[in-house]
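Since the model is a prediction, treat every value here as computed from it, not as a measurement. Letters A, B, ... mirror the listed sequences (proteins, then strands); counts begin at 1.
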Amino acid sequence: MKISLLYFGRPRERLNTSSEIADVPDNVSTLAELLDWLRKRGDNWAQELADNRVRCALNQEITDLSACISEKDEVAIFSSISGG
Amino acid sequence: MDISIQTEDFDLAAELVALRKNSHQIGALVSFIGLVRDFSGDEKIENIHLEHYPGMSEKALEKIIAEANARWNLLGVRVIHRIGTLHPGEQIVLVATAAQHRGDAFAACEFIIDYLKTAAPFWKREQTTQGIKWLNTKDSDMQRMERWDAHQITRQGDMQ
């Protein structure tokens with residue numbers, strides 16, 4: 001399953017990644033599982049994408065991590081928002 | 001256009017003239033400008049860097065403005081949010097509201113900036129003399145937003 005991933009804020013800077021198309025295994029069906037899968041990329045990923053450090057948006061709506069993902073979704077992963 | 005996300009600075013006077021040109025029913029214009037402070041706790045700020053989520057940030061601001069229009073009688077709204085690197089004293093954000101009466105204009109302006117702080121996808125990184133820090137949503141900002149939710153404050157204009 002191909003998912004478009006975007007990174008903003010601290011994870012974008014610390015992981016030196018702003019976007020990618022990820023080929024996600026079939027057993028990954030929720031945002032929480034997607035984060036679990038990404039955390040296996042290494043210590044830096046595990047640390048930066050810890051549940052208490054990031055939030056997600058699914059197709060440009062901030063969403064709970066229990067939300068299901070599907071082919072061609074756009075998932076954004078970011079640190080706490082702080083505009084204004 | 002109600003919403004602009006831009007690196008360039010903005011001119012408050014010109015924005016208000018443009019906003020009030022829309023209608024001669026407007027009796028009240030309220031504006032809020034957020035500025036870059038030169039301190040963060042005990043640290044001195046050299047600059048801040050703002051980034052946003054193109055596409056989603058415009059949609060989130062549109063949704064906030066639509067919610068403000070549903071709660072109050074507004075005759076115009078203008079939001080400008082700057083991105084990129086900004087220095088102390090520079091303007092970051094403008095929220096301006098126009099209404100027949102000041103109650104609606106004041107309340108909607110405050111509502112929009114409170115919501116923007118907690119629901120619009122912008123990220124702020126401070127460069128202080130001590131190093132770099134990504135800012136979190138402040139608890140005080142969350143509380144201000146929750147206050148609007150809890151009270152479902154609507155027609156303050158009715159109080160006039």
Side-chain angles (χ1 to χ4, degrees), chain A residues 2-22 30-32 34-35 38-39 43-84, chain B residues 3 5 32-37 40 48-64 79-83 86 91-95 109-127 131-142 144-145:
Chain A
K2 290 209 164 41
I3 302 274
S4 170
L5 292 178
L6 301 169
Y7 301 84
F8 295 100
R10 190 172 49 215
R12 178 193 59 71
E13 184 180 69
R14 298 271 177 86
L15 300 170
N16 200 23
T17 308
S18 52
S19 69
E20 63 175 307
I21 304 291
T30 66
L31 289 173
L34 175 67
L35 288 176
L38 289 168
R39 285 193 279 257
D43 289 349
N44 201 18
W45 289 76
Q47 187 187 330
E48 287 307 321
L49 302 187
D51 275 341
N52 60 357
R53 299 195 86 177
V54 290
R55 297 174 73 189
C56 291
L58 178 59
N59 299 321
Q60 308 197 346
E61 292 273 351
I62 293 178
T63 313
D64 194 89
L65 295 184
S66 61
C68 289
I69 52 173
S70 50
E71 179 84 23
K72 292 185 179 163
D73 274 346
E74 179 177 295
V75 174
I77 300 171
F78 44 83
S79 48
S80 177
I81 60 175
S82 52
Chain B
I3 297 165
I5 296 169
F32 168 85
I33 290 181
L35 303 169
V36 184
R37 279 183 290 263
S40 171
I48 65 165
H49 185 81
L50 278 149
E51 64 183 52
H52 75 125
Y53 182 171
M56 181 178 163
S57 47
E58 292 85 351
K59 272 199 247 176
L61 292 174
E62 279 166 17
K63 201 170 151 189
I64 294 166
V79 175
I80 302 175
H81 203 303
R82 293 179 69 196
I83 51 170
L86 300 173
Q91 305 186 113
I92 305 171
V93 62
L94 166 70
V95 176
C109 185
E110 193 174 12
F111 171 88
I112 291 168
I113 187 63
D114 285 351
Y115 252 72
L116 184 158
K117 288 256 179 193
T118 55
F122 290 86
W123 294 272
K124 202 184 276 162
R125 188 190 66 194
E126 285 177 353
Q127 170 79 57
I132 277 173
K133 183 166 62 178
W134 287 94
L135 299 188
N136 292 321
T137 313
K138 287 183 193 156
D139 289 343
S140 58
D141 287 335
M142 286 304 293
R144 289 185 71 88
M145 191 199 76

Contact class of B/Leu94 relative to chain A, heavy atoms under 4.5 angstrom: neither
Answer with side chain, backbone, both or neither: which region of B/Ala119 has an atom nearer than 4.5 Å to a non-hydrogen atom of chain A? backbone
Using a plain distance cut of 3.5 Å, could you tabulate donor-acceptor pairs between chain A and chain B?
unit_1	atom_1	unit_2	atom_2	d
A/Gly9	N	B/Glu51	OE2	2.6
A/Arg12	NE	B/Glu51	OE1	2.9
A/Arg12	NE	B/Glu51	OE2	3.1
A/Arg12	NH2	B/Glu51	OE1	2.5
A/Glu13	OE1	B/Trp134	NE1	2.9
A/Glu13	OE2	B/Arg125	NH1	2.5
A/Gln60	OE1	B/Met56	N	3.4
A/Gln60	OE1	B/Lys59	NZ	3.0
A/Glu74	OE2	B/Tyr53	OH	2.4
A/Ser79	O	B/Trp123	NE1	2.7
A/Ser80	OG	B/Thr137	N	2.6
A/Ser80	OG	B/Thr137	OG1	2.8
A/Ile81	O	B/Thr137	N	3.4
A/Ile81	O	B/Thr137	OG1	2.6
A/Ser82	N	B/Phe122	O	2.8
A/Ser82	OG	B/Lys124	N	3.0
A/Ser82	OG	B/Leu135	O	3.3
A/Gly84	N	B/His81	NE2	2.9
A/Gly84	O	B/Lys124	NZ	2.8

Heavy-atom distance under 4.5 Å to chain A: side chain of B/Ile92, backbone, both or neither? side chain
